[in-house]
There are 2 protein chains.
Amino acid sequence: MVRTRAFDPSTALSRAVDLFSSKGYSETSMEDIVRATGVSRYGIYGTFGNKRELFEQALERYAEGMGKQSFLRLLEPDAALAHIRAIFDERVEDMCNRDENRGCLFIHTAMQLAPDDLETRGVLQKFMKRISKAFAVGLESARERGEVKADLDVKAAGELLTSTMFGLVVLGRTGFDRATLDGIVESTLASLTG
Amino acid sequence: MVRTRAFDPSTALSRAVDLFSSKGYSETSMEDIVRATGVSRYGIYGTFGNKRELFEQALERYAEGMGKQSFLRLLEPDAALAHIRAIFDERVEDMCNRDENRGCLFIHTAMQLAPDDLETRGVLQKFMKRISKAFAVGLESARERGEVKADLDVKAAGELLTSTMFGLVVLGRTGFDRATLDGIVESTLASLTG
DNA sequence: GGACAAACAGAATGAACATTCTGATACAGA
DNA sequence: TCTGTATCAGAATGTTCATTCTGTTTGTCC
């Protein structure tokens, strides 16, 4: 019975992810989201709750997308170093595609995190640790294949890669040119191979 | 003649720097600044202009402080690698001092930067390049002293250090423990010595 | 000591925002 | 085709914010 929903919650959430990851939580207004999704306030609030809850779902979705798009492949045993390189290259590509104005929801969230919001901090930490872990697994494959230094501490290196990846995004956002970003990727990979 | 100003603009600006660097531009209200400085709206607006202009001066001051406190020493020729380590250690220390809730005005600004605000982007890029350059100079001294790999590309490595430093702050903000952050610093330095 | 002008505290203003409300709409089921 | 109800667009509400205004205070110079 009754009227059917005129929008797809999943695609609406995707739009919200785009907005939040480009502008962060506080700079993104519900008005922005209504406009970008084409969904009425009623629909947004009814489906996602309030802004805060929508954000949490967006963060969840963002992490999921990042995993599927980039990090899952690190768990496969083949061509591990190439996969790591690909992840960094994609980030650089993203950053240089100026018209898309891509940001990073993790960095935005980390910076805007209220000191007392332990719950979101925990969620974010979980996602970042997952990234480090994926890097470490990839590095271990690469190590077994002789693609990186035999004595590489893959756990520590995974954390370093995570850190450098975020730094790369910060520099990209600041408008550093592609050559510089590519150079950082190159140095990073070089430090793994010794 | 007439009444004298009851506050010191320089210390007021310092407070503003603290607020902006911990919470970023948009999450910091003029009310916050009035409260934290103890200066009246009249004094703030009269001395610094509007919020935007105050922010620009805060960014300038932040960069200056960072240079004096951390990066100037890299231009001295002695003990270069130790200086680089000290800079990273101080960052880690800052991040782990939870009660201070220190952030990073550069990262906040990079992330919040409107895509069309080329002026602020330029300013920020200038500051970040200065950091890269300081690292490169320090690395060159270190190279001459045999503290790092003889074939190190100091320019590229300087940019990598800059990137990693920002990433370190992002992880610190997310609540990664000291051991992990120290590990990242260790790996970073290890990658320089080969 | 008195007068002036700049500095003060805080009220006033107008815009933006998150959230709720309202009256109109349109679709499933009879 | 008709009814009922969930959905819609956008108006209403109450809060927060940046900025300006106002009436008061105070330090300096004559």
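Below, chain A is the first sequence line, B the second, and so on; all start at residue 1.
- The separation between K51(A) atom NZ and dT16(D) atom P is 15 Å, rounded to whole Å.
- Rounded to an integer number of Å, the gap from N50(A) CG to dC17(C) P is 17 Å.
- Between F71(A) and F135(A), the angle of the ring planes goes over 60°, which puts this pair in the perpendicular group of the 30/60° scheme.
- Atom CZ of R5(A) and atom C1' of dT5(D) are 15 Å apart (whole Å).
- One can place CD1 of I44(B) at 15 Å from C1' of dG10(C), the figure rounded to the nearest angstrom.
- Every residue two or more places apart in sequence or in another chain that forms a salt bridge (charged side-chain N to carboxylate O under 4.0 Å, His left out) with K23(A) is listed here: D32(A).
- When rounded to the nearest whole Å, the span between CZ of R35(A) and P of dA9(D) equals 14 Å.
- A salt bridge does not link R143(A) with E147(A): every distance from a Lys NZ or Arg NE/NH1/NH2 to an Asp or Glu carboxylate oxygen is 4.0 Å or more.
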Can you check each nucleotide of nucleotides 10-15 of chain D against protein heavy atoms at under 4.0 Å and return B for base, S for sugar-phosphate only, - for none, in 5' to 3' order?
-B----
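- The stretch residues 20-30 of chain A comes close to DNA chain C through T28(A), S29(A), M30(A), each having a heavy atom under 4.0 Å from the strand.
- Going from atom CZ of F127(B) over to atom CD of E64(B) covers 9.0 Å, rounded to the nearest 0.5 Å.
- Looking only at atom types and distance, the side chain of S10(B) has a donor-acceptor partner in the side chain of R61(B) under 3.5 Å away.
- Judged by distance alone, with hydrogens and angles left aside, R3(B) brings no side-chain donor or acceptor close enough to the base of dA6(C) to form a pair under 3.5 Å.
- R52(A) has its CZ atom 13 Å from the P atom of dA18(C), to the nearest Å.
- Ring geometry for F20(A) against Y25(A) counts as parallel: the plane angle stays under 30°, on a 0 to 90° scale with 60° as the upper cut.
- By the 4.5 Å heavy-atom criterion applied to side chains, T120(B) and L59(B) are counted as neighbours.
- The OH-P distance, from Y45(A) to dA9(D), rounds to 15 Å in whole Å.
- Between R102(A) and S22(A), the closest side-chain pair of non-hydrogen atoms is not below 4.5 Å.
- Side-chain atoms of K133(B) and V137(B), non-hydrogen and from C-beta on, do get closer than 4.5 Å to each other.
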